[in-house]
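These numbers come from the heavy atoms of this one structure, side chains and all, not from hydrogens, waters or symmetry mates.
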Amino acid sequence: MSQQTFKRGKVPMRFKPTRGIGSPNLNRSAANARMEAIGEKTVEERVFDIRRHESEIRRAENRAAGLPEDTIDAPEVNLSKNGRDQTYRSPDLSRPEEAHEEPAEQAPKPPREPKGLMEKARAAVKEVVKKVKQLIRPEEKIIKEVVINAEPLETRVAVLEESKLEDLTVERTADDRLVGSIYKGKVKNLEDGLKAAFVDIGFEKNAFLHYWDIIPNTFDSSVEIVERDDTGKSRRKEKPKITQKDVPRLFPPGSEIIIQVTKGPIGTKGPRVTTNLSLPGRYLVLLPNSDQSGISRKIENVEERQRLKKIVRELTIPEGMGVIIRTAGEEKRKAYFVRDLALLLEEWKLIQERIKSQPMASCVYQEPDLIERTVRDFLTEDVDKIVIDDLKKFESIRDSIKRISPRSVRKVHFYNEAEPLFDRYNITRQLEAAFSRQVNLKSGGYLIIDETEALVAIDVNTGKHKQAGTKDHDATILKVNQDAADEIARQLRLRNMGGIIVLDFIDMKSRRDQQSIYQRMKDNLKRDKAKTHVLPLSQLGLMEMTRQRQTESVRSSLYDDCEHCTGRGVIKSAETMSVEIQRKLTQILKGRPRDDGDFQVKIVCNPRVLDRLRTRDEKLLIELEKKFFAKLSFRPDPTYHNEEWKIFNAMNNDELAKSRNK
């Protein structure tokens, strides 16, 4: 297979995975994953279950914006030249017709306490053996560094592992940090037909608040509920339940409402908001309006989960509030959670004071900037160093870390050398290689990455890979596919690509090899903060997946559409433009009255197109003059686009015709 294998013939084909999108038989997890892929959420660990009514809310939001109900928000992308041939690929009928997914992981059961003297002795021996093995053969330490480049217009945060770029976040200083911010809003009007309220938060467009986002939500499936005491369930039962019918009574037009932005404005749509507030800290997420508490299911160790549940029950949490232990809280002592809870409660107290003092339609809490979020989310035990090149930000980071983890202050370093920080750590060169259409693999193969409006297509090619005279062909292909699976997961994080993604791995005959690539891909995606959902290889050898669209992709935020090709990735050739001009000239000359005598026409076009007309097509133009008794003159204009031209009457300078798209 080569880089020219994605288009399967000239017959138009609609991509539809087996048990495809919209199929009534599609399991719930796959459907939820697709909805996440077209949504937008910046909190790395979802707290509330907002997916249950996502389709209904999206339809109402589209109707409110005057769009078709089924419209899906797509990022602005640049269409690039596909360059693939029309090779037909026969499906592998030995594979299952349907790409069956593995069952969703169940919540881990608490460990059974050993009974009897012998069982307890065995358990103790196993624990001792485990610790001895860790001492004799400790796990290899990966050097992890966070590099922060702070400039007046832009802040960049790069995460390096063994000097290799693994994550990149870019934030423009002029951009509003809207998502995650909390506002004291004013209800402008209620639309019962849409089951939505429109809230003034001080922006040109009112925020969209669906009734489902006003009703208290249950936890997302990624969070396990922890009952803090025996009365927790009864307390929630006694609490009056709010329904959609109560919304007009509780929040009439003109009333005050406290909301948090979950999705920024897109096109004609205003921001989307919710009343289910959450304040993320270093190890905890505070839920001011929910008395539920829980633990992230990403913490998989059963014994650790039991320990953290005990800590949750021992925390002094104000009545009517709840907390969730984040993944970063794994293996942390109780003192860390007590300190983090105190900081979050202090922040919430300040927010309440602003709510009382500030007028409606104002911001009472703004999501921290990129540097603060980096300290909050990336400063874990496995981070060896944080380097920043701005003195004020350096001092601010040190002050923030002193409150969270005083021992970690020594990890922060100020960079003050003449050489740019990203150049010093070889990040600039890695970025140039990472964001090109072709990404080389260390095995000699390469990836071709094409972002389109509908989906992202990634093609794997063997390239220059050679192994022992290519005798072991299957091993060669497997090696390239393994490297590709590792690099694809990295590229998805670096480029922040979301939506539907199709991976075209090199065909493998062995079912074992196919399954190993599928499992490797799943393992690589576990470290991704964004939600992902991947299916096994299909009969056509394609792996289909979705990735939650958190924010716009790096490509959309850093690049504009090309002014020459308007994002298509191609422009018309000089020959094509010559044909267009000659066709229009023929139409004009045929339509003029015959008694006009000699007809003089002037053509203005790009010098590149004119060069073609004067050289290779000169004879054709002379024949055109003779046939219609006309005189043609040409003038180059370097300011004209390659696809731009105009035809004038040379006698009075009237415009007779011009190119359509310019």
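Minimum interatomic distance between Asn524 and Ala485 (heavy atoms only, all atoms of both residues): ND2-O, 3.3 Å. Heavy atoms only, all atoms of each residue included: Gly180 and Gln260 are closest at O-NE2, 2.9 Å. Nearest heavy atom pair, residue Val312 against residue Ser293, reads CG1-CB, 3.8 Å.
Here the side chains of Glu330 and Lys298 are not in contact, with every heavy-atom distance at 4.5 Å or above. Side-chain contact between Ile295 and Val223 is absent, with no heavy-atom pair separated by less than 4.5 Å. Taking the side chain as every heavy atom from C-beta outward, Arg326 and Tyr283 never approach each other to under 4.5 Å. A 4.5 Å side-chain heavy-atom check between Asp450 and Arg437 finds at least one atom pair inside the cut-off. A 4.5 Å side-chain heavy-atom check between Tyr425 and Val387 finds at least one atom pair inside the cut-off. Met545 has its side chain within reach of Leu503: a pair of non-hydrogen atoms, C-beta onward, lies under 4.5 Å apart. Counting only heavy atoms from C-beta outward, the side chains of Leu447 and Val460 approach each other to under 4.5 Å. Side-chain atoms of Ile500 and Val456, non-hydrogen and from C-beta on, never get closer than 4.5 Å to each other.
A salt bridge is absent between Glu161 and Lys164; no separation between the charged side-chain nitrogens and carboxylate oxygens falls under 4.0 Å. Ion pairing between a basic and an acidic side chain is recognised when a charged N comes within 4.0 Å of a carboxylate O; Asp528 and Arg547 show such pairing. For the pair Arg490 and Asp486, the salt-bridge criterion is not met [side-chain N within less than 4.0 Å of a carboxylate O].
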Does Arg305 form a salt bridge (Lys or Arg N to Asp or Glu O under 4.0 Å) with Glu300? I'd like the steps, not just the answer.
CA-CA 7 Å; Arg305 295 177 68 83; Glu300 298 177 348; over 6 Å; no
For side-chain contact (heavy atoms from CB on, under 4.5 Å), just list the numbers for Asp507 and Ile477, CA-CA rounded to whole Å, side-chain angles, deciding distance to a tenth of an Å, and then say yes or no.
CA-CA 8 Å; Asp507 287 338; Ile477 291 176; over 6 Å; no
Could you walk me through whether Ile311 and Arg333 pass the side-chain contact (heavy atoms from CB on, under 4.5 Å) test, one step at a time?
CA-CA 9 Å; Ile311 290 176; Arg333 299 194 308 272; over 6 Å; no
side-chain contact (heavy atoms from CB on, under 4.5 Å) for Leu168 and Leu431? Distances and angles first, verdict last.
CA-CA 9 Å; Leu168 175 72; Leu431 284 175; 3.4 Å; yes
Output, in order, the C-alpha distance, side-chain angles, deciding distance and verdict of side-chain contact (heavy atoms from CB on, under 4.5 Å) for Val157 and Asn149.
CA-CA 6 Å; Val157 175; Asn149 170 225; over 6 Å; no
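A donor-acceptor contact shorter than 3.5 Å is absent between the side chain of Glu227 and the backbone of Arg313. Side-chain atoms of Asp459 never come within 3.5 Å of backbone atoms of Ile449 as a donor-acceptor pair (strictly under, hydrogens ignored). Side-chain N or O atoms of Asn461 include none that pairs as donor or acceptor with a backbone N or O of Gly445 at under 3.5 Å. At distances below 3.5 Å, not a single donor-acceptor pair connects side-chain atoms of Lys385 with backbone N or O atoms of Val146. Between the Asp504 side chain and the Ile458 main chain, no donor and acceptor come within less than 3.5 Å of each other. Gln548 places no side-chain N or O within donor-acceptor distance of the main-chain N or O of Thr532, the cut-off being under 3.5 Å. Listed for the Asp384 side chain is a donor-acceptor partner under 3.5 Å among the backbone atoms of Lys144. In this structure, the side chain of Ser443 does not engage the main chain of Val480 through any donor-acceptor pair within 3.5 Å. Remark: the backbone N or O of Asp483 is not paired with any side-chain donor or acceptor of Arg520 at under 3.5 angstrom. Judged by distance alone, with hydrogens and angles left aside, the side-chain atoms of Gln430 form a donor-acceptor pair with the main-chain N or O of Asn426 at under 3.5 Å.
Phe422 meets the ring-ring contact (aromatic ring centres under 6.0 Å, His included) test with no other residue; sequence neighbours excluded. Annotation: salt bridge (Lys or Arg N to Asp or Glu O under 4.0 Å) contacts of Glu171 (sequence neighbours excluded): Arg373.
Atom CZ of Arg429 is surrounded by 12 or fewer heavy atoms from other residues, nucleotides or ligands within 6.0 Å.
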